[in-house]
Amino acid sequence: MDRIRVIREQDARGGLEMDDNVGTSGHVPVMLERVLELLGPALSGPEPVVVDANLGLGGHSEALLAAFPSLRLIGIDRDPFAIDFSTRRLAPYADRITLVHASSGDLAQVIAEAGHTTVDGVLFDLGVSSPQLDEAERGFAYSYDAPLDMRMDTEQELTAEVVVNTYPAADLVRILRDYGEERFAPRVAGLIVKERAKEPISSTKRLADIVRDAIPAATRRTGGNPAKRTFQALRIEVNAELSALEAALPAALDALALGGRVVVLSYHSLEDRLTKQALTARTKDTSPPGLPVPLPAHQPRFRLLTRGAELPGDEELARNPRAASARLRAAERIRVDD
Ligand SMILES: C[S@@+](CC[C@H](N)C(=O)[O-])C[C@H]1O[C@@H](n2cnc3c(N)ncnc32)[C@H](O)[C@@H]1O
């Protein structure tokens, strides 16, 4: 597992330093109370284990560790800055945490390497973190001029610049349409290909200008910034976000002990659709129709804890506008495999 770096912070020295670029005061973990309420019943045993598959600034993790004094936590993030930051933030809990620089796509391997065969809870808080969006040089935001980067894992090779300047037009159209739900995908891709032939596109501002010029003027006047959809699409491609989730969610469900719970916070319809499909598939009775008695082997191993997707309340939205697109789904293991 050479891609996975395990950090065990055994000495509780440190805490957050004054010169950290990121403070935690403005950072509010999304739907925190609901997350604690949903995971709580699974974390009441003598030494429960939870995986935070999207550690970020460690906000949810810190609250979990504070709420459940015997909890052991495995925190995963593909962004090395998130691991470094959370290592310092969670230093008071150093003897109960294992923080791992990895993709959640490697969830099963991470759990095994941490020495567990099952876990009691898994939390996914998908998408980008506030510092990824707010630090201009990460290249995620169309509102700042910066190199076209968008890598969550700054150690990987693929950047948004590579995608924009080297992918064939047909692939750009597919990415913009499928991951950005951009209805003008062929026009945007066409202008990208034309412009990159003059000079490589290397900045967020130039890309945002190209997108704006490609979108018909009448459409530009409605909705938000036209670059939003293209930037989302490129971010998903660069970070292989959907394939990571496709691998991670089944692995999380497989790893849950009896009574274990998974909670997923997603931020766009593609993530939420994948989550809904993965949870629904495991909570259905798959007995062939017409049988007089249900077959045990076909009984669902999980039950849904949420009806549809739950949304943040008005009060949270007033405090934290970034929670606006959040959708929460959760499930519990009710049977183990025979
Ligand atoms: C919304 S933030 C999490 C915030 C966190 N819950 C908190 O309270 O501070 C999402 C984090 O997930 C990470 N991430 C996204 N996709 C990932 C993946 N496939 N594997 C591991 N981490 C991922 C990002 O780097 C980012 O730090």
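If you read the sequence from its start, that first residue is 1, and numbering goes on from there. When a ligand or atom number is given, it counts from 1 through the structure's own listing order.
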Asker: So if I count the atoms of ligand 1 from 1 in the order they appear, which ones are less than 4.0 Å from some heavy atom of Gln132?
Answerer: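 Result: 24 (C), 25 (O), 26 (C), 27 (O).
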Asker: For Ser103 and ligand 1, answer yes if some heavy atom of the residue is under 4.0 Å from a ligand atom, otherwise no.
Answerer: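 Yes, Ser103 has heavy atoms under 4.0 Å from ligand 1.
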Asker: Between the candidates Gly127, Ser129, Gly56, Ala63, which shows the shortest non-hydrogen contact distance to atom 10 (C) of ligand 1?
Answerer: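 Shortest heavy-atom distance from atom 10 (C) of ligand 1: Gly127.
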Asker: Checking a contact table here: which protein heavy atom is nearest atom 20 (N) of ligand 1, and how many Å away?
Answerer: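 For atom 20 (N) of ligand 1, the nearest protein heavy atom is Ser104 N, 2.7 Å.
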Asker: Looking at Asp79, which atoms of ligand 1 are within less than 4.0 Å of one of its heavy atoms?
Answerer: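 Answer for ligand 1: 25 (O).
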Asker: For atom 12 (O) of ligand 1, which protein heavy atom lies nearest, and how many Å away is it?
Answerer: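 Its nearest protein heavy-atom neighbour is Asn54 ND2, 3.1 Å.
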Asker: What pair of heavy atoms forms the shortest contact from Ile201 to Ile192, and how long is it?
Answerer: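 Looking at all heavy atoms of both residues, the closest pair is CD1-O, 3.7 Å.
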Asker: Looking only at distances, please establish whether an N/O atom of ligand 1 is found under 3.5 Å from an N/O atom of Val128.
Answerer: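 Checking ligand 1 against Val128, no N or O pair falls under 3.5 Å apart.
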Asker: Could you verify whether a donor N or O on one side chain and an acceptor N or O on the other, from Tyr179 and Glu241, lie under 3.5 Å apart?
Answerer: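 No, no side-chain donor-acceptor pair sits under 3.5 Å.
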Asker: For Ser61 and Asp52, does a side-chain donor sit closer than 3.5 Å to a side-chain acceptor?
Answerer: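 Yes - a donor-acceptor pair under 3.5 Å links their side chains.
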Asker: Tell me yes or no: between the side chains of Asp272 and Tyr267, is some donor less than 3.5 Å from an acceptor?
Answerer: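 Tyr267 and Asp272 do not have a side-chain donor-acceptor pair below 3.5 Å.
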Asker: Have a look at ligand 1 and work out which part of Glu241, if any, has a heavy atom under 4.0 Å from it: side chain, backbone, both or neither.
Answerer: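 It is neither; nothing of Glu241 touches ligand 1.
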Asker: State the atoms of ligand 1, each with its element, that fall below the 4.0 Å cut-off from a heavy-atom position in Ala244.
Answerer: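 It comes down to these atoms of ligand 1: 19 (N).
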Asker: If you take all heavy atoms of Thr204 and Phe231, which pair is closest and at what distance?
Answerer: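 Heavy atoms only, the tightest pair is O-CZ, 3.6 Å.
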Asker: Does some side-chain heavy atom of Thr87 sit less than 4.5 Å from a side-chain heavy atom of Ile97?
Answerer: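 Contact flag for Ile97/Thr87 side chains = no.
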Asker: Around atom 17 (C) of ligand 1, find the nearest protein heavy atom and jot down its residue, atom name and distance.
Answerer: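 Here the closest protein heavy atom is Arg78 CD, 3.4 Å.
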Asker: Using distance alone, determine whether Tyr267 and ligand 1 share an N or O pair under 3.5 Å.
Answerer: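 Such a contact does not occur with ligand 1.
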Asker: Report the member of Leu133, Val28, Asp77 with the shortest heavy-atom distance to atom 11 (C) of ligand 1.
Answerer: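 The nearest heavy atom belongs to Asp77.
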Asker: Quick one: look up the protein heavy atom nearest atom 4 (C) of ligand 1 and list residue, atom name and how far away it is.
Answerer: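 Ranking protein heavy atoms by distance from atom 4 (C) of ligand 1, first comes Asp125 OD2, 3.3 Å.
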Asker: Does ligand 1 have a heavy atom under 4.0 Å from the side chain of Leu126, from its backbone, from both, or from neither?
Answerer: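 Under 4.0 Å from ligand 1, Leu126 contributes backbone atoms alone.
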Asker: Is Asp314 atom CG crowded by more than 12 heavy atoms from other residues, nucleotides or ligands, each under 6.0 Å away?
Answerer: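 Counting other residues, nucleotides and ligands, CG of Asp314 stays at 12 neighbours or fewer.
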Asker: Heavy-atom distances under 4.0 Å decide this one: backbone, side chain, both or neither, for Ala53 against ligand 1?
Answerer: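 It is the backbone that gets close, since no side chain atom is under 4.0 Å.
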Asker: Which atom names give the shortest non-hydrogen contact between Glu137 and Ala146, and what distance separates them?
Answerer: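 Smallest heavy-atom distance, with atoms named: CA-CB, 4.1 Å.
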Asker: Suppose I only count heavy atoms of Gly58 and a 4.0 Å limit; which atoms of ligand 1 are within that range?
Answerer: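 Under 4.0 Å from Gly58, ligand 1 has these atoms: 7 (C), 9 (O).
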Asker: When you look for heavy atoms under 4.0 Å from ligand 1, do you find them on the side chain of Met152, its backbone, both, or neither?
Answerer: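 The answer is the side chain.
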Asker: Using only heavy-atom distances, determine whether the side chains of Ser287 and His298 contain a donor-acceptor pair under 3.5 Å.
Answerer: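 Side-chain D/A pair, Ser287 to His298: absent.
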Asker: Using a 4.0 Å heavy-atom cut-off, which part of Leu55 comes near ligand 1: side chain, backbone, both, or neither?
Answerer: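 It is the backbone that touches ligand 1; the side chain stays farther off.
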Asker: Ligand 1 versus Ala102, non-hydrogen atoms closer than 4.0 Å: side chain, backbone, both, neither?
Answerer: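 The answer is the backbone.
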Asker: Among the clusters formed by ILVMFWY side chains lying less than 4.5 Å apart, do Met152 and Leu242 turn up in the same one?
Answerer: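 Linked, Met152 and Leu242 end up in one cluster.
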Asker: More than 12 foreign heavy atoms under 6.0 Å from CD of Glu33: is that the case here?
Answerer: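 No, not enclosed.
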Asker: Ser70 and Gly45: which non-hydrogen atoms are nearest, and at how many Å?
Answerer: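 Minimum heavy-atom contact is OG-O, 4.0 Å.
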Asker: Pairs of nitrogen or oxygen atoms closer than 3.5 Å, one from Gly59 and one from ligand 1: do any exist?
Answerer: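 By distance alone, the answer is yes.
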Asker: Does any part of the side chain of Asn239, heavy atoms only, come nearer than 4.5 Å to the side chain of Arg78, both counted from C-beta?
Answerer: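 Yes, at least one pair of side-chain atoms sits under 4.5 Å.
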Asker: Are any of the N or O atoms of Leu57 closer than 3.5 Å to those of ligand 1?
Answerer: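 Yes, at least one N or O pair falls under 3.5 Å.
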